[in-house]
Peer 1: 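This structure is in structure tokens; I'll ask about it shortly.
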Amino acid sequence: MKRYMLLLGFFVLVVSAKAGELEWEITNRFRAFDYLGTQDEATKLFDTYAPVGDENDFATWHKNLVIKLESAGKPYSPFATNHGAWDETTGKYDKKYVQLPEVIQIRVRLKDDASPAGANQACQLSIAGSTIPLYDCLKTPTIIQVPSSGGIATLTVNGIDIAAVTIKPRLKVILGLGDSYGAGEGAPDLPTKWKAGIRMKHWPTSESGTEDVGKWVDKPASWLSDRCNRSFFSAQSQTALWLSRDDPHSVVAFVHLSCSGAEVIDGLLAAQRLPAGHRKGCKALSDRRDQMSLDKNCDLKASQLKEAVELLCLGSTNTISNELLQNIKAPLKGIGKASKRSPDQREWITADSLIECEGSKLIAPDLILLSIGGNDIGFAGVIAWALLPSNGRHAIGDLVVAKGRGKIGVVCPDRKSGNCAADEKQASARIRQLTMRYAALDLAMRHLLKVEGKDIVLPTYPNPLFDKAGKLCGDTPKKTVLDNAWAPTRLRIPDGVRPKVWQINLTEWEADQVYIHVISGLNSEIKSSASHFGWTTPDAERIMEKGGWCTDKIGKSKLLPPNQLSTWNVHHENTRRIQTAADSVATQWAIEQRDDWISGTFHPNVWGYADLATVMYRTISNSRQPAK
């Protein structure tokens with residue numbers, strides 16, 4: 001009887017042990033990190049950069065990350081010196097990037113602590129024909145490597161199987177498409193490192209002098225993609241990283257194709273002309289004799305949709321049929337040209353600018369993070385309208401202003417705003433045509449990328465025009481005060497013809513016009529179109545409500561004198577969420593071959609992108625919760 005009871009007790013222990021579970025998680029779930037070192041190094045990168053459970057917003061995450069990285073003497077971005085899977089020379093991702101690696105590192109532990117497993121037991125873990133002896137029977141997590149095809153992992157104690165789990169790693173592809181707000185303009189992976197001990201207290205005032213600024217720089221700004229000013233700190237990238245944190249059994253391959261300056265046609269449906277990181281000497285479209293052909297030294301080689309299909313297709317690709325081409329272009333019949341000087345972009349969409357994948361060989365994206373529309377309505381031109389004076393107050397000044405307004409392509413918010421070019425469509429008129437562009441894009445994405453509307457995420461644009469008190473920001477025009485947040489734009493004007501009697505500024509009235517006719521109108525159109533097409537629309541308009549361009553925590557909204565530039569650090573906490581012209585110069589002075597040191601103006605800084613990512617992440621997470 002006693003022997004029977006002992007056997008029964010042992011049987012009960014074994015059965016209760018089998019009721020336990022094995023837990024497993026992939027140690028690096030952000031595919032891009034696999035290209036920066038060994039699997040152990042990729043795991044360390046994921047542990048360093050991925051958020052932890054108690055960080056519930058991106059600003060908190062970024063603040064903690066900066067402290068952690070600075071104490072360890074590490075760069076803020078993992079891509080500060082290594083582009084990983086992205087090849088800037090060819091402008092392509094490694095084809096294997098959107099596939100699981102052959103071997104995946106996972107962390108395994110025994111969930112049921114009530115099991116009889118212990119340090120004195122003979123334990124082993126078996127999977128895919130391999131057997132691993134264990135010291136403590138998985139009471140503490142154990143890191144092992146498994147084939148990406150997976151298998152059944154079995155924990156054996158004293159020759160008896162007590163727990164098992166099916167390990168099946170999955171791949172999720174998140175595609176980032178769009179413009180500068182998607183790319184990360186304003187937040188380079190490696191901000192400019194200025195030399196300490198610069199003796200000069202004033203910026204040079206001659207055109208040649210601005211080039212001498214290179215002598216003050218230890219390291220120029222650099223990006224994950226220098227041509228597109230594409231950054232790890234973009235809201236799209238941060239959102240993808242956080243989503244990878246939430247699914248322990250999947251690897252997220254974030255394909256980042258957004259490019260600063262992109263539009264629906266000029267970038268997504270056709271190869272982009274003159275991206276932000278173009279080389280010096282490249283001609284603006286208005287100065288080109290041939291506005292149809294691509295300049296291989298200045299323009300991108302392919303549209304973002306073409307790049308995406310080429311990467312995600314496991315088989316052969318073909319140019320799209322003429323029928324599909326005409327269907328995509330059909331909604332665009334009513335958009336016309338932005339001005340007499342502008343090309344007709346519709347002619348850029350040809351059978352060669354888009355491709356489709358044969359048969360069922362396409363890896364359909366799980367999610368498309370989209371940011372597009374701001375450039376289509378001429379937002380950069382609207383900011384130029386607000387900053388540039390309407391006249392120069394004397395003959396030479398008038399010539400400079402007139403040339404500047406024409407060269408930049410000033411776009412007034414609305415006809416009632418005044419100072420509009422006679423042949424230039426106002427932003428309000430362009431907004432009304434935006435739904436036509438979205439219609440063409442929606443058709444192209446659904447057909448070429450095989451996605452549903454709910455899997456396309458288009459946030460609204462943040463409004464950066466309000467101060468900490470909730471009032472509109474604005475400069476008070478003063479003839480004698482030239483040093484303000486927008487002073488660096490004066491450096492583009494040769495000293496010999498630079499007017500001394502006016503400043504470049506943004507008044508409260510101008511801010512009000514931009515707010516009413518542009519930002520509110522643009523975001524209303526985004527919400528309306530997204531609702532029509534079934535897209536997911538995170539509402540980001542108010543995330544900068546008390547962190548506009550005129551707010552700052554550290555008192556450095558103006559252009560710093562050269563002898564203080566080494567103290568500037570865009571990653572140090574700042575109330576201001578948007579880059580002024582002064583911020584842009586201090587943050588992203590580039591190499592001599594590039595001329596984009598001021599293109600970060602009116603783009604989010606790292607804190608602004610963190611706030612944008614928070615809204616995007618929460619909206620996506622909430623929309624994908626299973627129904628109760």
Side-chain angles (χ1 to χ4, degrees), residues 175 177-182 258 261-270 272 303-305 324-339 342-349 353-354 368-382 411-417 424-449 451-463 514-541 616 619 623:
L175 183 59
L177 300 175
D179 56 20
S180 53
Y181 272 62
S258 292
E263 302 176 18
V264 169
I265 298 176
D266 185 19
L268 271 71
L269 299 178
Q272 185 175 339
S303 69
Q304 291 181 31
L305 287 184
L324 178 58
L325 174 64
Q326 297 308 319
N327 286 341
I328 292 173
K329 295 177 71 171
L332 302 171
K333 290 181 179 178
I335 65 170
K337 297 170 63 173
S339 70
S342 303
D344 188 344
Q345 293 183 349
R346 293 171 296 186
E347 297 179 5
W348 294 350
I349 309 174
S353 64
L354 297 170
I368 293 180
L369 304 181
L370 184 63
S371 175
I372 203 70
N375 293 320
D376 294 83
I377 68 161
F379 189 73
V382 170
V411 177
C412 65
D414 186 75
R415 189 171 297 279
K416 297 178 182 178
S417 304
E424 191 83 34
K425 280 185 181 177
Q426 294 77 45
S428 56
R430 299 185 190 197
I431 289 171
R432 290 192 291 271
Q433 297 182 349
L434 193 54
T435 188
M436 304 176 192
R437 296 175 184 265
Y438 286 151
L441 180 60
D442 180 72
L443 193 156
M445 289 190 295
R446 288 176 186 266
H447 187 94
L448 301 178
L449 295 173
V451 292
E452 298 180 21
K454 64 181 178 60
D455 297 323
I456 299 170
V457 181
L458 176 66
T460 58
Y461 286 87
N463 181 356
V514 174
Y515 171 54
I516 294 173
H517 298 296
V518 183
I519 296 177
S520 293
L522 170 60
N523 286 337
S524 293
E525 186 59 46
I526 287 175
K527 291 176 184 178
S528 174
S529 293
S531 176
H532 178 74
F533 299 119
W535 300 349
T536 300
T537 316
D539 192 355
E541 181 170 323
M616 292 172 60
T619 302
S623 68

Peer 1: Less than 4.5 Å apart, side chain to side chain, heavy atoms only: is that true for Ser531 and Thr537?
Peer 2: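 Contact flag for Ser531/Thr537 side chains = no.
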Peer 1: Asp414: which residues meet the side-chain hydrogen bond (donor to acceptor under 3.5 Å, both in side chains) condition with it, sequence neighbours left out?
Peer 2: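 Counting only residues at least two positions away or on another chain, Asp414 forms a side-chain hydrogen bond (donor to acceptor under 3.5 Å, both in side chains) with Ser428.
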Peer 1: Mind checking side-chain contact (heavy atoms from CB on, under 4.5 Å) for Ser524 and listing every partner two or more places apart, or none if nothing turns up?
Peer 2: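 Scan of Ser524 (side-chain contact (heavy atoms from CB on, under 4.5 Å), adjacent residues dropped) gives none.
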Peer 1: Of all residues at least two apart in sequence or in a different chain, which pass the ring pair (Phe, Tyr, Trp, His ring centres under 6.0 Å) check with Tyr181?
Peer 2: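 Only Tyr461, His603 meet the ring pair (Phe, Tyr, Trp, His ring centres under 6.0 Å) criterion with Tyr181.
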Peer 1: Checking Trp535 now: which residues fulfil ring pair (Phe, Tyr, Trp, His ring centres under 6.0 Å) with it, not counting sequence neighbours?
Peer 2: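 Residues passing ring pair (Phe, Tyr, Trp, His ring centres under 6.0 Å) with Trp535: Tyr438, Phe533.
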Peer 1: Got a sec, which residues hit salt bridge (charged side-chain N to carboxylate O under 4.0 Å, His left out) with Asp376, two or more places apart in sequence or on another chain?
Peer 2: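 Salt bridge (charged side-chain N to carboxylate O under 4.0 Å, His left out) list for Asp376, sorted by chain: Arg437.
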Peer 1: Give a yes or no on whether the backbone of Gly261 and the side-chain of Ser180 come within a donor-acceptor separation of less than 3.5 Å.
Peer 2: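 Such a contact is absent between Ser180 side chain and Gly261 backbone.
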Peer 1: Could you work out, with side-chain contact (heavy atoms from CB on, under 4.5 Å) as the rule, every residue matching Ser303, not counting sequence neighbours?
Peer 2: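 In terms of side-chain contact (heavy atoms from CB on, under 4.5 Å), with neighbours along the sequence ignored, Ser303 is linked to Leu305, Lys306, Leu354.
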Peer 1: Evaluate the criterion side-chain contact (heavy atoms from CB on, under 4.5 Å) for residue pair Leu324 and Leu443; output intermediate values, then yes/no.
Peer 2: CA-CA 9 Å; Leu324 178 58; Leu443 193 156; 3.8 Å; yes
Peer 1: Main chain of Ala540, side chain of Thr460: is a donor-acceptor contact present, judged purely on distance under 3.5 Å?
Peer 2: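 Confirmed, Thr460 side chain pairs with Ala540 backbone.
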Peer 1: CZ/Arg430 to NZ/Lys425 distance, rounded to the nearest 0.5 angstrom?
Peer 2: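 It is 8.0 Å, given to the nearest 0.5 Å.
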Peer 1: Would you please test Ile328 and His447 for side-chain contact (heavy atoms from CB on, under 4.5 Å) and show each step?
Peer 2: CA-CA 10 Å; Ile328 292 173; His447 187 94; over 6 Å; no
Peer 1: Excluding sequence neighbours, so at least two apart, what forms side-chain hydrogen bond (donor to acceptor under 3.5 Å, both in side chains) with His532?
Peer 2: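 None.
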Peer 1: Is there a donor-acceptor pair closer than 3.5 Å between any side-chain N or O of Gln304 and the backbone N or O of Gly178?
Peer 2: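 Present.
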Peer 1: State which residues pass side-chain hydrogen bond (donor to acceptor under 3.5 Å, both in side chains) with Ser417; sequence neighbours excluded, sorted by chain then number.
Peer 2: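 In terms of side-chain hydrogen bond (donor to acceptor under 3.5 Å, both in side chains), with neighbours along the sequence ignored, Ser417 is linked to Gln513.
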Peer 1: What distance separates Thr536 OG1 from Leu370 CG, expressed to the nearest 0.5 Å?
Peer 2: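 Output value for this atom pair is 11.5 Å.
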Peer 1: Applying salt bridge (charged side-chain N to carboxylate O under 4.0 Å, His left out), can you list everything that pairs with Arg446, at least two apart in sequence or on another chain?
Peer 2: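 By the salt bridge (charged side-chain N to carboxylate O under 4.0 Å, His left out) rule, Arg446 matches Asp442.
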Peer 1: Answer whether the closest heavy-atom distance between the side chains of Asn463 and Asn523 falls below 4.5 Å.
Peer 2: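 No, side chains not in contact.
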Peer 1: The criterion is side-chain contact (heavy atoms from CB on, under 4.5 Å); which residues satisfy it with Ile431, sequence neighbours excluded?
Peer 2: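 Applying side-chain contact (heavy atoms from CB on, under 4.5 Å) to Ile431 gives Ile377, Leu522, Glu525.
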Peer 1: Under the rule for side-chain contact (heavy atoms from CB on, under 4.5 Å), what residues qualify as partners of Arg346, not counting sequence neighbours?
Peer 2: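 Applying side-chain contact (heavy atoms from CB on, under 4.5 Å) to Arg346 gives Ile265, Leu332, Ile335, Asp344.
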Peer 1: About how many Å separate CG of Leu177 and CG of Leu441, when rounded to the nearest 0.5 Å?
Peer 2: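 Output value for this atom pair is 8.0 Å.
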Peer 1: Check whether any side-chain heavy atom of Val451 sits under 4.5 Å from a side-chain heavy atom of Ile456, and report yes or no.
Peer 2: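 They are in contact (side-chain heavy atoms under 4.5 Å apart), so the answer is yes.
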Peer 1: Excluding sequence neighbours, so at least two apart, what forms salt bridge (charged side-chain N to carboxylate O under 4.0 Å, His left out) with Lys416?
Peer 2: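 For Lys416 there are no salt bridge (charged side-chain N to carboxylate O under 4.0 Å, His left out) partners, ignoring immediate neighbours.
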